[in-house]
Number of protein chains: 2
Amino acid sequence: MINQYKDEDKVLLAVDCIIFGFDNEELKLLLIKRDFEPEKGKWSLMGGFLKKSEVLDEAASRVLQHLTGLNDVYMEQLYSFSKIDRDPVERTISVAYFALINIADHNSELSESHSAQWFGLEDMPELIFDHNAMVKHAIRRLRYRTATQPIGFELLPEKFTMRQLQKLYEAIFDHELDKRNFTKKINAMDLLVRLDEKDMTSSKKGSFLFKFDEQKYKKKVMDGFSFKV
Amino acid sequence: MINQYKDEDKVLLAVDCIIFGFDNEELKLLLIKRDFEPEKGKWSLMGGFLKKSEVLDEAASRVLQHLTGLNDVYMEQLYSFSKIDRDPVERTISVAYFALINIADHNSELSESHSAQWFGLEDMPELIFDHNAMVKHAIRRLRYRTATQPIGFELLPEKFTMRQLQKLYEAIFDHELDKRNFTKKINAMDLLVRLDEKDMTSSKKGSFLFKFDEQKYKKKVMDGFSFKV
DNA sequence: ATAAATAAGTGTATTAATTACATTTATAAA
DNA sequence: TTTATAAATGTAATTAATACACTTATTTAT
């Protein structure tokens, strides 16, 4: 078969990762300080180029793994950015991905070796290229996704308190929630199991730890349930 | 400046368009019968390759224009598909876009010259490559977008009846709605203007025509309004 | 002139979901 | 024993969603 595509233009395809974390107070992003040109010394998302042998999801996972040491992380393709001069070196289309990680899990020596640092969404530096737009887009998507699927748990340790969960949703949606109404809603969905274990760090009384029950969730979804917070 | 990207792989980037239309009864897709290899004679989405000189949105508009003759159409980037062998000819990543057009507006001679045809979502043929997955994805996105933004109007003529609008939402969400509740909800949003003009084709009494008031919508959005149907 | 047929247009009552709001409880430290 | 602190919990009010059926305007047929 002759190659009827042979006269078409080829381009570089990059992936850039918006890496979200949560420190029990605010939503954070893991950014790297570029130690290479162009824009050396500026802050940026972690990125890399797609290889012919991988699919986009794999490239994004590889990039994330390289910075954090983590595998099996919640990642989602966001949008492809294609402004002609978005990268001054050469025409590059970038596919943005976002990842949700539990900050405590990542390899901080590894990320520090890339001059990476966590920034709260409020005190983020300006980023290179179109990375600010990517972040904005990612926050919108994260809000939508979190409201309709139980992915928030990806940002928490396996065992968490109600307060942590509420603080997380408050951080994602950037508005305060009523504790009683929140608990009521979460309990009504019946997706968490309360453990016989308490977190004693936050109060004298201690607060119960919970776990998200993935199996139960899947069963419910099959019966027509849809998550909504 | 030396080109530090020179050893990276380059790939073909395609765009494929999921073109939605509405015939007052069901949601339809405009598909083409391929008159070239591979998969000649099979049904497919309309597509094309990204040129170095254009951004993805432009490529998608060009492809749509080429098939339908239409410009200034609602289009939205959907997702990038990258399976290694999705196109057997050569490694090609495809960025899917969806478009919403008013069927009556398009140049049907032009589309027929590409052996294009409208298919109801129910009686669609199998499509080539990963195009079935693209369509599935597009329907999901269309439902979400339609539920939260007033883009349904893109599928209707400028002037339309309440019944047409209801039928459209029923087609998009694939379930029936109560006429009184629907009217109530739409009227409560106060985004339509009722014209002093009636459509006489559907009944002896005639039914009032409405127009979507884009300006009013924009103003409301600025005051914190959010569309929800 | 009248009756029949047809889709358009409209309102109310019920149920469910969301919001607002304050006190008691368990525990450690003083 | 008191004090301080966060955890845990329930009810009433409001708002949104749903279920449901008759009247109106008009044309066509008798």
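Convention: sequence-line order gives letters A, B, ...; per-chain numbering from 1.
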Legend entry - B:Leu165 CG - C:dG9 C1' separation (whole Å): 16 Å
Legend entry - Between CZ on residue A:Phe20 and CG on residue A:Asn102, distance to nearest 0.5 Å: 15.5 Å
Legend entry - ring-ring contact (aromatic ring centres under 6.0 Å, His included), paired with B:Phe153, selected from B:Tyr74, B:Tyr217, B:Phe22, B:Phe160: B:Phe160
Inset, instruction - Would you check if the distance from the ring center of B:Tyr144 to the ring center of A:Tyr144 is below 6.0 Å? - result: yes
Inset, instruction - For B:His175 and D:dA19, give me the distance from atom NE2 to atom P, rounded to whole Å. - result: 11 Å
Legend entry - Nucleotide of C:dA8, D:dA8, D:dA7 approaching A:Phe208 most closely (side-chain heavy atoms): D:dA8
Inset, instruction - Send over the distance from A:Leu209 CG to D:dA7 P, rounded to a whole Å. - result: 12 Å
Legend entry - Within-4.5 Å side-chain heavy-atom neighbours: B:Lys42 and B:Lys33: no
Inset, instruction - Pick out which of B:Leu110, B:Asn107, B:Leu30 makes a side-chain contact (heavy atoms from CB on, under 4.5 Å) with B:Leu67. - result: B:Leu30
Inset, instruction - Taking the six-membered ring for Trp and the single ring otherwise, decide whether the centroids of A:Phe129 and A:Phe81 are under 6.0 Å apart. - result: no
Legend entry - Check: C:dT18 base within 3.5 Å donor-acceptor of A:Lys184 side chain: no
Inset, instruction - Do nucleotides 22-30 of chain C as a string where each nucleotide becomes B, S or -: B if the base has a protein heavy atom under 4.0 Å, S if just the sugar-phosphate does, - if no protein is that close. - result: B--BBBB--
Legend entry - Position toward the 5' end of DNA chain D (nearest nucleotide), B:Lys185 or A:Thr161: A:Thr161
Inset, instruction - Give the rounded distance in Å between these two atoms: CZ of A:Phe182 and P of D:dG10. - result: 18 Å
Inset, instruction - Could you say whether A:Asn181 or B:Asp178 is positioned toward the 5' end of DNA chain D, judged by the nucleotide with the nearest heavy atom to each? - result: A:Asn181
